[in-house]
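In what follows, a structure is listed as structure tokens, so that the remarks can point back to it.
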Protein chains: 2
Amino acid sequence: MTPTRNRLCAMFLGASLGLGVLPATADTESAKETKISSFTLDNGMEVVVIPDHRAPIATHMVWYKVGSADEPPGKSGIAHFFEHLMFKGTSNHAAGEFDRAVAGIGGNNNAFTSYDYTAYFETVPADALEQMMAFEADRMRNLVLSDDVIATERDVVLEERRSRIDNDPSALLDEEVSATLWQNQPYRIPVIGWVQEMEQLNRADAQAFYDRYYTPNNAVLVVAGDVEEEAVKAMAERTYGKIARGPHLPPRQRPVEPEQNTKRTVSLTDERVSVPSFSMQWVVPSYHTAGPGEAESLDLLAEILGGGMRSRLYQELVVRKQIAVSTGASYNGTMLDDTSFTVYGAPVGQASLEQVEKAVAAEIARIAEDGVSADELEKAKKRFVRATIFARDRQSAMANIFGSTLATGGSVRDIQEWPDRIGKVTPEQVKAAAVRYLLPSRSTIGYLLPQAKGGN
Amino acid sequence: MTPTRNRLCAMFLGASLGLGVLPATADTESAKETKISSFTLDNGMEVVVIPDHRAPIATHMVWYKVGSADEPPGKSGIAHFFEHLMFKGTSNHAAGEFDRAVAGIGGNNNAFTSYDYTAYFETVPADALEQMMAFEADRMRNLVLSDDVIATERDVVLEERRSRIDNDPSALLDEEVSATLWQNQPYRIPVIGWVQEMEQLNRADAQAFYDRYYTPNNAVLVVAGDVEEEAVKAMAERTYGKIARGPHLPPRQRPVEPEQNTKRTVSLTDERVSVPSFSMQWVVPSYHTAGPGEAESLDLLAEILGGGMRSRLYQELVVRKQIAVSTGASYNGTMLDDTSFTVYGAPVGQASLEQVEKAVAAEIARIAEDGVSADELEKAKKRFVRATIFARDRQSAMANIFGSTLATGGSVRDIQEWPDRIGKVTPEQVKAAAVRYLLPSRSTIGYLLPQAKGGN
């Protein structure tokens, strides 16, 4: 095994990005500076330009509309494996040349794979933008996939699986909870892949994946930074524009969930666990699959129930009852298909896991029965807006919002109108979301348990 | 909706056939009569002939090596749907003609779909055998798949799903237990299909499925009855032999299970349930995936632990403790991929479900700790042999054993040698199977609960 690049390989396994972070809007002071534009190149590549002139830097991202949930059956892990392969040599540049070029100008670069997309990015001085485009356009089509490269990098991702998943009881549990929560939808399969399938990934698989998905008509270019639309367009045409359109891809229709009729539990007992914890999940609609206002209501329900220290769960379990060391809720709305809503908790001191679980359930039941107040909802909306203003300060966060939304069936307009749609959510809608989706008899609960205490 | 034929449509959802039933062997008296032969036609169709001259009848079966586990993603239910379509018209015979021909000569016919195969059979006077072959060969390639036929029959299978699954809490629970037990393998998907996918099945799907799988080189013909090899061969060549070989099919490699690290539960609470019950399952190797002697040991472990009234579970829970109304164990070895081992129980009188579950677990632990005695094992083997002699009396059972074995990667020789392999299993092997596979911390438990008593 030869040494490989030592980069952070990010897989977004959950609600780590996007929603809950508000993009530029007319409601905020600095929004006037930002005129976001979008257009499509002749070969089908979508482009979004987000000017941000506060510093002479630019974030350049290419999002491919392919993630682990698009993998052929039995080929789990190939989307993430391919992300690794994209850092190998092309017919024009040796392996490592792109990375060194970025480092040489003081920039940074990386990539990540999720269920619905794979993205590559560089943050560099703005005058290096066209150079980044040229490198990125080159590896979109000119990658050299040799058996040697495949074998070496397969060992790398297998090692990554060992260190990240197999060595971590909570990651192992998360995998099996997902495989239990999702009965049919491919979000059930881990992004990194099942080990016995990763071991079999080969050059033919990689080449087929590349030829099908790494094409301009399956990609979104997002450029944020000290740039103007016209200049970006000209550069994109000179670089990406030269690539021929790839084969037509049918709409991304995947197996969807059947009705859920049962309550399920998944327990992992492991000697490496010191504090027990639980998470409870439900299948809920995403922004792409929800009816009007429903995803926005779920976002606000997560915020009120368990979004940080002001939330009901934190205030009740950590502050008032002092039975939990951690508790919260999250909703991961930026997904192509139906997604999950999660609550979680871990006991502190003499409190038991069961006590924490019951207290969390009681808070859910309280919203389902009594709803939320107009005042509480307004405060939750304000917290969202505040989070936005912080997010806008990070150029890459802005680029992420646009890339992830466009790669999961949303539009630039969806992002621009989103703050208004959040503003219109009523207390009744938040209550209705809790009543409809957070049913105890339809939940999937994961228990992470210390060895000594025994099973659930 | 037009009226449709009123036939029993069988789906083998579990251990309903095959193993546990012994074929003809040199050890039994009547075995000498039976010379089983097998050969392959030029177009790749396998043929097995099982002479049985006790009555002038014959069982004619065609097994296609395709079942629900071979379905394309998102097309669940198409294998079973296609079984229905095979009873529609061909370019040579109107719909119902085949059925009427069988009924007219006093025969009977039917079909069934399982995870790994789909089979069609007729039991008729032996002199009608070639007529059956002609009909069956005709519908192997000349089916007329119109949009009208598709729409009508899709309503029929949807209604079948409603009446068989959706109206039956235990069937609903079984579905979700399977989807939880299997994290990756397609046995997780119900044979009848998920409703939202069944609704979308169309003519193009059916035609593609037919053209790919309904070919002589993907079929096994089994003829049992008052016939001789040479005559069967001549008839098969005159009928099936005229069909051209279909496209080459790659080996049936499906997604396989990752290591299981968790204990899982699935609870269905329903007002239609009066007596609670549970089943506990594990992923274990099948005859096709097991190492030497391992599947045979699992068969005998199931027999000793919970195979009928002589078993440990029955004797301990029903007879001695009188806490269970039912309890048992089963192993479904005749599968292409890894399969499941199941124990189950339901309380009687004042006993609780928890008591029954604990008593079942204690019996498993007793075998894992203390093993089984040589005497107990020999008695279990004898019960198997006795079951065989009964089974041989039914011509169709013999045909089923050969068809299901050949359709799941086994050979005629595997069947013939199986009694010897059962005979060689040692008490140590039975204990080892329990220790290795029936781990409480790796089980998936389904609970069927009455509404009033609440969740688990």
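Owing to the predicted nature of the structure, the values given are computational and were not obtained by experimental measurement. Labels below follow one simple rule: chain letters A, B, ... track the order of the sequence lines, proteins then strands, and each chain is numbered from 1.
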Considering only heavy atoms, which portion of B/Q183 lies under 4.5 Å from any heavy atom of chain A: side chain, backbone, both, or neither? both
Within residues 172-179 of chain B, which residues come under 4.5 Å of chain A, heavy atom to heavy atom? B/L172, B/L173, B/E176, B/A179
At a heavy-atom separation under 4.5 Å, does B/R254 approach chain A through its side chain, its backbone, both, or neither? neither
Contact list for residues 157-187 of chain B, test ring-ring contact (aromatic ring centres under 6.0 Å, His included), sequence neighbours left out: B/Y115-B/Y187, B/W182-B/Y187
Looking just at side-chain N and O atoms, do A/E197 and A/S76 make a donor-acceptor pair shorter than 3.5 Å? yes
Quick check: does any side chain N or O of B/T118 sit under 3.5 Å from a backbone N or O of B/V66, one acting as donor and the other as acceptor? yes
Only counting residues at least two apart or in another chain, list the ones meeting salt bridge (Lys or Arg N to Asp or Glu O under 4.0 Å) with A/D166. A/R161
With a 4.0 Å cut-off, would you call A/K75 and A/E71 a salt bridge? no
Region of A/V195 in contact with chain B, defined by heavy-atom distances below 4.5 Å: neither
What residues form a ring pair (Phe, Tyr, Trp, His ring centres under 6.0 Å) with A/Y437, not counting sequence neighbours? none
Please look at B/L268 and chain A and tell me whether the side chain, the backbone, both or neither of the residue comes under 4.5 angstrom of a heavy atom of that chain. both
Which atoms of A/Q253 approach chain B - backbone, side chain, both or neither, heavy atom under 4.5 Å: neither
Toward chain A, the part of B/V256 with a non-hydrogen atom under 4.5 Å: both
Quick one: of A/T180, A/D270, A/V266, A/I189, who has the most non-hydrogen atom pairs under 4.5 Å with chain B? A/V266
Would you check if the side chain of A/E271 reaches a backbone N or O of A/Q451 as a donor-acceptor pair within less than 3.5 Å? no
Sort out for me which of B/T262, B/T444, B/I445 touches chain A most, counting heavy-atom pairs under 4.5 Å. B/T262
How about B/S340 and B/L181: do any of their side-chain heavy atoms sit closer than 4.5 Å? yes
Quick check: does any side chain N or O of A/N218 sit under 3.5 Å from a backbone N or O of A/Y64, one acting as donor and the other as acceptor? no
Between A/D116 and A/S114, do the side chains contain an N or O donor and an N or O acceptor separated by less than 3.5 Å? no
Counting heavy-atom pairs under 4.5 Å with chain A, which one of B/G74, B/S441, B/P255, B/P73 comes out on top? B/P255
